[in-house]
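Inspection log for the structure reproduced underneath, given as structure tokens.
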Amino acid sequence: MNPREEAYKLLHEGILALAEVERSGIRIDLDYVQRMKLHLTRKIEKLEREFKSTKFYRRWEHTVKGKVNINSSVQLAHYLYGTLKLKTERLTTSGQYSTDEDSLLSLNIPELNNLVKIRKLRKIRDTYLEAFEQEQVNGYIHPFFNLHLVTTYRSSSDSPNLQNIPKRDEEAMQICRRAFYPRPGHQLLEVDFKGMEVSISACYTHDPTMIRYLRNTSSDMHSDMARQLFLIDQFDRTKVGHNILRQAAKNSFVFPQFYGDYYRNCAVGLCNWVQLSTRNSWKKEDGIKIDNTTIAEHLISKKINSYQSFEEHVKKIEDDFWKNRFPVYAQWKERQWNNYKKHGYIDFLTGFRCSGVMSKNEVLNAPIQGTAFHCLLWSLIQLNRKFHEECLDSRIINQIHDSMLIDLCPTELKKVISLVNHIVSEELPKTWDWIIVPMQVDMEICQVDESWAEKKELKIV
DNA sequence: GGAACTCGCCAC
DNA sequence: AAACGTGGCGAGTTCC
């Protein structure tokens, strides 16, 4: 089969499998959704009353002709930055002063805290709970999964979008995921590919250091970067403080670097993560606790005593990252970019071709992002087929780029785990010989009849 | 009254 | 020299 035929076949089989996922649907607790919506409405009204009783709000009212809409960022920007002549660092894409959460908080106006809170609650109520209620049929929602909309040949989801349900914000996560249940007597099982995009980037670039990190389970890229970024001599991932540094390195340096970000944004992100100022000078007692001291005191002892010197330090590490740690990856980036400039398209390992006007970062990210999803899609097709062949009661009910959600019949747990592991770790690399690093999954599970909010890590026995 | 836009914010 | 990739969607707003 030629590459394009193979790519087509994946989409064809993929959309048929996803149609079954759509038809299965996911069970929701409609009664809960309606009660929670009312509860949120009452909370929002209370916060609005409080806000409207402040001097800050009355001044706002007096400055405009018509009625104030406190939910309008345009009106708010006009008041804050026009009338009151305040300023923020952050600008919107069209160059206006921003009224996003960070900007509002940076103004240090206590009355605005209520506005931020109102926004969060409205988002939960109107974007999520409201959509679930609108879209449900007999207690099930049937989100669409599209394979024809994303330029990188990833998927998208709508009506409702089941690929952006809150996860990181604990309150939003609890409220939204509490709406989802397995079928009666079943469990929800979530299967995630481990570091999929990093693995796929190794397949494209063949960077030997990257490959070593992925094949050798005792090495850990994020720990190494944390050690280097924060100058820790004895790094120990099991210590709470050190693990925060690792999370910081992972989410504010390693991933952004691979997406095409640069040292300045990374330095700011790292400081936010460890609670150090990016404006004022550092004091010994600043920042998170680490090894019986603070991160500020530790860095000061290493002659990094301000944001400015930390930023220079991060710049050097960025240089080292691409020149010394991952030079082969860096060479691939240039080859890939030159190749696109020459031909006007990029080819994926999965047979897809992306053409059109693209920036450098788009050109470098598209094949990795798309191909990662194709590994998920191929696995989903196989798993769905197995569920049929073996007449299992479990079914796939959601898919989020590198993960699947399964409505699991409890007696089939062991069977499903072994099917998933076999497909992902053995059949997948056999099908695509360009997969040169191990493919693995992490799993999380909820107990019988528990909601999606209750999921816990599943330890393989 | 709908299309198209901006803004903000949720996911990977 | 420049500087974060892919989406969906609600609300507000403007334009036709």
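Chain identifiers are assigned alphabetically (A, B, ...) following the order of the sequence lines, protein sequences preceding nucleic acid strands; residue numbering begins at 1 within each chain.
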message = Before you tell me yes or no, could you show the steps for A/Phe230 and A/Phe253 under ring pair (Phe, Tyr, Trp, His ring centres under 6.0 Å), namely the whole-Å CA-CA distance, both residues' side-chain angles and the distance that decides it to 0.1 Å?
response = CA-CA 12 Å; A/Phe230 296 105; A/Phe253 186 83; 9.9 Å; no
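Of all heavy-atom pairs spanning A/Leu188 and A/Glu450, the tightest one is CD1-O, 4.5 Å. Contact detail for A/Pro160 and A/Ala131: the closest heavy-atom pair is CB-CB, 4.1 Å.
For A/Ser73, no side-chain nitrogen or oxygen approaches OP1 or OP2 of B/dT6 to under 4.0 Å.
Here A/Gln75 lies in heavy-atom contact (under 4.0 Å) with sugar-phosphate atoms only. Using a 4.0 Å heavy-atom criterion, one finds that A/Asp261 contacts the bases of the nucleic acid, with or without backbone contacts as well. Note on A/Leu364: nothing from the nucleic acid sits closer than 4.0 angstrom, heavy atoms only. Note on A/Asn265: nothing from the nucleic acid sits closer than 4.0 angstrom, heavy atoms only. Contacts of A/Glu101 with the nucleic acid, taken as non-hydrogen atoms under 4.0 Å apart, involve only primed sugar atoms and P, OP1 or OP2. Among the protein residues, A/Thr151 comes within range of the sugar-phosphate backbone only, with heavy atoms under 4.0 Å from sugar or phosphate atoms but none that close to a base.
Atom CG of A/Asp102 is separated from atom C1' of B/dC7 by 15 Å (rounded to the nearest Å). Atoms CG (A/Asp169) and P (B/dG8) sit 18 Å apart, rounded to a whole Å. As a whole-Å value, the separation of A/Asn69 CG from B/dC7 C1' is 14 Å. In this entry the distance linking CZ of A/Arg177 with P of B/dC10 reads 13 Å, nearest Å.
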For residues 18-27 of chain A, dump all side-chain donor-acceptor pairs below 3.5 Å to protein atoms at least two apart in sequence or in another chain.
from: A/Glu20; atom 1: OE1; to: A/Asn384; atom 2: ND2; distance (Å): 3.3
from: A/Glu20; atom 1: OE1; to: A/His388; atom 2: NE2; distance (Å): 2.5
from: A/Glu22; atom 1: OE2; to: A/Phe145; atom 2: N; distance (Å): 2.7
from: A/Ser24; atom 1: OG; to: A/Glu20; atom 2: O; distance (Å): 3.1
from: A/Arg27; atom 1: NH1; to: A/Pro182; atom 2: O; distance (Å): 2.9

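Side-chain contact check for A/Trp432 versus A/Met439: every heavy-atom pair is 4.5 Å or farther apart.
With sequence neighbours excluded, no residue forms a ring pair (Phe, Tyr, Trp, His ring centres under 6.0 Å) with A/Tyr262. Applying the ring pair (Phe, Tyr, Trp, His ring centres under 6.0 Å) test to A/His39 and every residue at least two apart in sequence or in another chain returns nothing. Listed by chain and number, the residues in a salt bridge (Lys or Arg N to Asp or Glu O under 4.0 Å) with A/Asp224 are A/Arg227 (sequence neighbours excluded). The ring pair (Phe, Tyr, Trp, His ring centres under 6.0 Å) search around A/His222 returns A/Phe255, not counting sequence neighbours. Partners of A/Tyr329 by ring pair (Phe, Tyr, Trp, His ring centres under 6.0 Å), not counting sequence neighbours, listed by chain and number: A/Phe258, A/Trp322.
Near DNA chain B, meaning a heavy atom under 4.0 Å from it, residues 108-143 of chain A has A/Arg119, A/Lys123, A/Tyr128 in order of number. Within residues 153-167 of chain A, the residues having any heavy atom closer than 4.0 Å to DNA chain B are, in order of number, A/Arg154, A/Gln163, A/Asn164, A/Ile165, A/Pro166, A/Lys167. Interface residues of residues 335-363 of chain A facing DNA chain C, ordered by number: A/Asn361, A/Glu362; criterion, heavy-atom separation under 4.0 Å.
The side chain to side chain donor-acceptor pair (under 3.5 Å) contacts involving residues 365-383 of chain A comprise A/Thr152-A/Gln369, A/Tyr204-A/Thr371, A/Thr350-A/His374, A/Gln382-A/Arg385, where partners must be two or more places apart or lie in separate chains. For residues 270-279 of chain A, the side chain to side chain donor-acceptor pair (under 3.5 Å) pairs, not counting sequence neighbours, are A/Glu89-A/Arg279.
Of the two residues near DNA chain C, A/His401 and A/Tyr262, the one whose nearest nucleotide lies more 5' is A/Tyr262.
Taking the 5' to 3' direction, DNA chain C first and last meets chain A under 4.0 angstrom from a heavy atom at C/dA3 to C/dT13.
Ring orientation note: the planes of A/His313 and A/Phe310 are tilted relative to one another, at an angle of 30° to 60°.
Under a cutoff of 6.0 Å and an axis angle of 45°, A/Arg154 and A/Phe373 do not form a cation-pi pair.
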